[in-house]
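Worksheet: one structure, shown below.
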Number of protein chains: 2
Amino acid sequence: MTDIKAGPNPLYLREDQLHEAMELLFFAYRDFTTECDAILASHGFGRAHHRVIYFVGRNPDISVTALLEILRITKQSLSRVLGRLVEEGFVTTRQDPADGRRRLLTLTAKGRSLEGRLSATQRARIARAYRSAGGIAVEGYREVLMGIIDEADRRRFERP
Amino acid sequence: MTDIKAGPNPLYLREDQLHEAMELLFFAYRDFTTECDAILASHGFGRAHHRVIYFVGRNPDISVTALLEILRITKQSLSRVLGRLVEEGFVTTRQDPADGRRRLLTLTAKGRSLEGRLSATQRARIARAYRSAGGIAVEGYREVLMGIIDEADRRRFERP
DNA sequence: CCTTTATGTCAGTCACGTTGACTTATATGC
DNA sequence: GCATATAAGTCAACGTGACTGACATAAAGG
């Protein structure tokens with residue numbers, strides 16, 4: 001009799017916990033991206049432009065191939081987006097002095113300014129979440145997300 | 001002189017930590033979704049179909065409006081996706097007995113089967129990450145993501 | 001009865017991803 | 001030095017999944 005209400009079976013709980021994790025990721029990503037959309041739209045840009053601006057900003061002199069590997073899209077897809085960003089003066093390309101086949105991408109001052117405006121809203125959201133959750137929670141967030149990420153990309157987050 | 005190499009200023013460190021958080025979310029979401037794409041593509045479906053199947057599966061007898069609120073898309077966007085899922089027998093609609101204006105959405109056996117196949121790959125990924133990170137980390141993951149999610153949707157994750 | 005709500009639909013547009021084929025420039029290995 | 005491989009760019013065609021705007025219908029509710 002005591003067992004009847006002792007709780008749902010542990011397998012059911014576990015499934016539910018996994019569903020919760022999936023939904024947390026879905027809602028967090030949804031809300032994380034929406035604020036930037038208005039700023040981007042005012043330039044006629046979309047999320048693809050944001051991703052390029054962000055990763056070029058974080059990795060000055062990145063090669064096109066390296067950027068493609070981060071984004072996991074085709075070069076034809078990148079081409080349209082990157083082409084516009086270069087055309088409109090947000091990104092510059094220069095030849096790699098060490099390997100003339102490579103084009104190195106860097107943000108212009110204009111690009112850095114837009115990047116800053118976009119990142120600021122997202123940083124604020126993260127900072128708020130980090131502050132309210134605390135340091136131990138932050139470490140847990142990091143460990144779980146690293147576990148979700150494909151092994152090949154985990155090294156990006158290794159610590160000195 | 002000792003100060004010169006004493007370390008980067010704390011503000012810079014903090015910015016870097018926030019950028020790490022942003023990238024973790026980006027890569028995790030990217031990798032979380034890619035495995036399902038092949039299964040979906042074999043049906044001629046995309047991620048939009050997956051989202052509908054998932055949330056209808058998790059919320060049997062959900063109304064169209066409630067689903068729209070979760071997805072935060074327009075009814076015109078949902079219409080094409082949902083229409084195909086109903087047409088091809090993955091989702092059924094019925095009139096709400098309590099309010100005849102509402103249509104209640106539920107997965108068919110066929111829909112549950114596809115949902116199960118899709119969720120299984122994602123659950124496996126989460127379960128692996130949860131196991132390797134441990135219970136304390138899982139709690140942190142949950143707290144931080146809840147903080148990132150808009151306040152209005154946080155109640156979805158409240159505990160009994 | 002009139003207004004509001006829930007849903008569906010037609011029409012047009014745009015962002016952003018895809019595949020496939022082809023070119024050009026440079027690097028590198030035999 | 002030549003052949004092959006790599007990095008990048010380009011043209012073309014295509015599909016999904018978002019959007020806006022306008023309009024229709026059925027049911028609920030004051």
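Lettering follows sequence order; numbering is per chain, from 1. Owing to the predicted nature of the structure, the values given are computational and were not obtained by experimental measurement.
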Could you check N59(A) against L105(A) for side chain to side chain contact (heavy atoms under 4.5 Å, CB included), going step by step and ending with a plain yes or no? CA-CA 9 Å; N59(A) 304 277; L105(A) 308 172; over 6 Å; no
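- Side-chain rings of H43(A) and F90(A) approach one another, their centers coming within less than 6.0 Å.
- Shown for residues 32-64 of chain B: residues whose heavy atoms fall under 4.0 angstrom of DNA chain C, namely S63(B), V64(B).
- Taking atom CG on L82(A) and atom P on dA8(D), their separation rounds to 11 Å, with Å as the unit.
- A residue-by-residue look at R103(B) and L78(A) shows that R103(B) has its nearest nucleotide of DNA chain C further toward the 5' end.
- Protein atom CZ of R84(B) is 11 Å distant from nucleotide atom C1' of dG15(D), rounded to whole Å.
- When all heavy atoms are compared, the tightest approach of A129(B) to G147(A) is CB-C, 3.5 Å.
- At the phosphate of dG9(D), neither OP1 nor OP2 sits under 4.0 Å from any side-chain N or O atom of S79(A).
- Each of R58(A), R123(A), R142(A) was compared with E20(B) under the salt bridge (Lys or Arg N to Asp or Glu O under 4.0 Å) criterion, and only R142(A) meets it.
- Contact between the side-chain N/O atoms of R102(A) and the OP1/OP2 oxygens of dA7(D) is found at a separation under 4.0 Å.
- Checked against dA8(D), dT4(C), dT20(D), the side chain of R101(B) finds its nearest nucleotide in dT4(C).
- Note that OH of Y130(A) and CG of L18(B) are 7.0 Å apart. Values are rounded to the nearest 0.5 Å.
- In terms of position on DNA chain D, the residue among V81(B) and Q76(B) whose nearest nucleotide sits closer to the 5' end is V81(B).
- Between S77(A) and dC16(C) there is no side-chain polar atom (N or O) within less than 4.0 angstrom of OP1 or OP2.
- With hydrogens and angles ignored, a donor-acceptor pair closer than 3.5 Å exists between the side chain of R80(A) and the base of dG17(C).
- Between the P atom of dA6(C) and the CG atom of L105(B) lies a distance of 14 Å, rounded to the nearest Å.
- Under a hydrophobic clustering in which Ile, Leu, Val, Met, Phe, Trp and Tyr are joined whenever their side-chain heavy atoms come within less than 4.5 Å, directly or via other members, L114(B) and F32(B) fall into the same cluster.
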